[in-house]
Student: 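Got a structure for you, questions after.
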Amino acid sequence: MKRVLITGGAGFIGSHVVRLFVNKYPNDAIYNLDLLTYAGNLENLSDVDGATNYHFIKADIVDASAIHALFDTHQFTDVIHLAAESHVDRSITDPLAFVRTNVIGTVNLLNAFRDTWKGNFEGKMFYHISTDEVYGTLGETGLFEETTSYDPNSPYSASKASSDHFVRAYGETYGMPYKITNCSNNYGPNQFPEKLIPLFINNVINNKALPVYGDGKYTRDWLYVIDHAIAIDLVFHKGKLGETYNIGGFNEWQNIELIRVLIKLMDEKLGRPAGESEKLITYVTDRPGHDRRYAIDATKINKELGWKPSVTFEEGLSATINWYLQNEAWMEHVTSGAYQEYYNHQYT
Ligand code: NAD
Ligand code: TYD
């Protein structure tokens, strides 16, 4: 029986990973450790809350002694580490918050894992969830491969690159068994409305301006969050130790083209005349250091583990919009309080 610690399980991707593991592995104990920052929300997991193999722990990964004490008590055999500050715009405003959580928090977990197992790492694993943003930016052509040099441009991606390096270094230095995956942009249910897709869905619903940064021709490679969770399960159980796998949607979109598809689908679903919400598109000042293009070469995970996305972008986007239309209370809860302050600071 495994005792799997999933950090950041109350967040967007983490909640989908926790749900999948709790339901699929009833004989493993799944511990969701989360500080419940603005991005963490236990409502995301109300459906698995009562499961006998599910345990929630409220804790801060930056608090080394609390993390060590939790490892002492629960003897976690495996870690899937997702807890992080995850939004580029916030990292531009407050880089140190990203150093604390993403770098120091990761090193605290690595230390606790190392000190708990003291070299007896047989059957144990530290799996670090990272991003394609560590590779920096692409021109018009090319793809990020696992061998692409790290070249982060934002405080967020610099902090994630640093945490990736620490994981690898602990593997080399202490012989710790690890895996790392670097994934492209996720979208889907339960994503906090500061990221492009849920922010724009919420703004279309409320007839608010859609703030497009710069010329809108920045490109991202979008993956449905449940396909990311499936990939994480596959790498966790079948991936090779000490390896990195890139995960991506084979699904590149310029922001402005994606926004047009989103508006078309939303106008249909909201019963508005076709193209009605296009008037909400508002070009605004660009993000500093804005990476022009991300695109993942996911050949390795496809060839080695047989993974590929299970839904098309149109299917995933339609399901995502439906989820937000059916979960207005969720949106109300996460956008009350401090959200308005953030929104005004970022957009007005
Ligand atoms: P998120 O911001 O939705 O969730 C982060 C979670 O971490 C929240 O539940 C938050 O409460 C928790 N957390 C933050 N600080 C903490 C702390 N100090 N101690 C304990 N918990 C803390 O993020 P997400 O989008 O779900 O991303 C999860 C992971 O996946 C991150 O590591 C991110 O870098 C990575 N990632 C995200 C994407 C994406 O498109 N969202 C793509 C690739 C990789
Ligand atoms: P985002 O969802 O923040 O993800 P990331 O920056 O990590 O890729 O942004 C996706 C793209 O959308 C990125 O090119 C920035 C752009 N964007 C806007 O144009 N307006 C916005 O209000 C936001 C949040 C993002």
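By convention here, the first residue in the shown sequence is residue 1. The analysis underlying the following values was restricted to heavy atoms, covering all of them including side chains, and did not include hydrogens, waters or symmetry mates. Counting starts at 1 for both ligands and their atoms, following the listed order.
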Student: When rounded to the nearest 0.5 angstrom, what distance separates CD1 in I230 from NZ in K24?
Tutor: 8.0 Å
Student: What's in the same ILVMFWY side-chain cluster as Y156, cut-off under 4.5 Å, chained through other members?
Tutor: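 V88, I92, F98, all in the cluster of Y156.
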Student: Please could you name the atoms of ligand 1 that C183 approaches to less than 4.0 Å, counting only its heavy atoms?
Tutor: 42 (C), 43 (C)
Student: Does S310 offer a backbone N or O that forms a donor-acceptor pair with the side chain of Y224 under 3.5 Å?
Tutor: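 Side chain of Y224 to backbone of S310, a donor-acceptor pair under 3.5 Å: no, none is there.
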Student: Is there a nitrogen or oxygen of H81 sitting under 3.5 Å from a nitrogen or oxygen of ligand 1?
Tutor: no
Student: Counting heavy atoms only, which of K160, H87, E194 is nearest atom 32 (O) of ligand 1?
Tutor: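 The option holding the nearest heavy atom is K160.
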Student: Quick check: Q191 and ligand 1, any N/O pair under 3.5 Å apart?
Tutor: no
Student: Between F121 and Y174, does the ring centre distance come in under 6.0 Å?
Tutor: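 Centroid distance F121-Y174: not below 6.0 Å, so no.
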Student: Could you list which atoms of ligand 1 come closer than 4.0 Å to a heavy atom of T101?
Tutor: 15 (N), 16 (C), 18 (N)
Student: Going by atom types alone, do S130 and D164 pair a side-chain donor with an acceptor below 3.5 Å?
Tutor: yes
Student: Nearest to atom 27 (O) of ligand 1 by heavy atom, L196, I247, T7, I13: which?
Tutor: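 Looking at heavy atoms only, the winner is I13.
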Student: Side-chain donor-acceptor pair under 3.5 Å between N32 and Y54, yes or no?
Tutor: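 Indeed, the side chains of N32 and Y54 share at least one donor-acceptor pair under 3.5 Å.
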Student: Using distance alone, decide if ligand 1 has a nitrogen or oxygen within less than 3.5 Å of any nitrogen or oxygen in G11.
Tutor: yes
Student: Within the 4.0 Å heavy-atom shell around A59, which atoms of ligand 1 are there?
Tutor: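 Counting from 1, the qualifying ligand atoms are 19 (N), 20 (C).
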Student: Please check whether I61 reaches ligand 1 - meaning an N/O of the residue sits under 3.5 Å from an N/O of the ligand, judged on distance alone.
Tutor: yes
Student: Show which atoms of ligand 1 fall inside a sub-4.0 Å distance from at least one heavy-atom site of S130.
Tutor: 43 (C), 44 (C)
Student: Quick one: which ligand 1 atoms are inside 4.0 Å of a heavy atom on I129?
Tutor: 30 (O), 32 (O)
Student: With a 4.0 angstrom cut-off on heavy atoms, strictly below it, pick out the residues next to ligand 2 and order them by chain and number.
Tutor: H87, V88, E133, N185, E194, K195, L196, L199, F200, P211, V212, Y213, Y218, R220, N255, R287, H290, Y294, Y347
Student: Kindly confirm or rule out an N or O of E85 lying under 3.5 angstrom from an N or O of ligand 1.
Tutor: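 Checking ligand 1 against E85, no N or O pair falls under 3.5 Å apart.
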Student: Just jot down the ligand 1 atoms closer than 4.0 angstrom to any heavy atom of D60, in number order.
Tutor: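 That gives atoms 17 (C), 18 (N), 19 (N) of ligand 1.
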Student: Can an N or O of D34 be found at a distance shorter than 3.5 Å from an N or O of ligand 1?
Tutor: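 N/O-N/O distance under 3.5 Å: yes.
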Student: What atoms of ligand 1 come within less than 4.0 Å of a heavy atom belonging to A83?
Tutor: 7 (O), 21 (N), 22 (C)
Student: Which atoms from ligand 1 have a heavy atom of N185 less than 4.0 Å away?
Tutor: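 Near N185, meaning under 4.0 Å from one of its heavy atoms, ligand 1 has 40 (O).
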Student: Between the main-chain N or O of N44 and the side-chain N or O of W330, is there a donor-acceptor pair closer than 3.5 Å?
Tutor: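 Absent.
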Student: Taking atom 5 (C) of ligand 1 as the point of reference, which of A84, S86, G8 owns the nearest heavy atom?
Tutor: A84
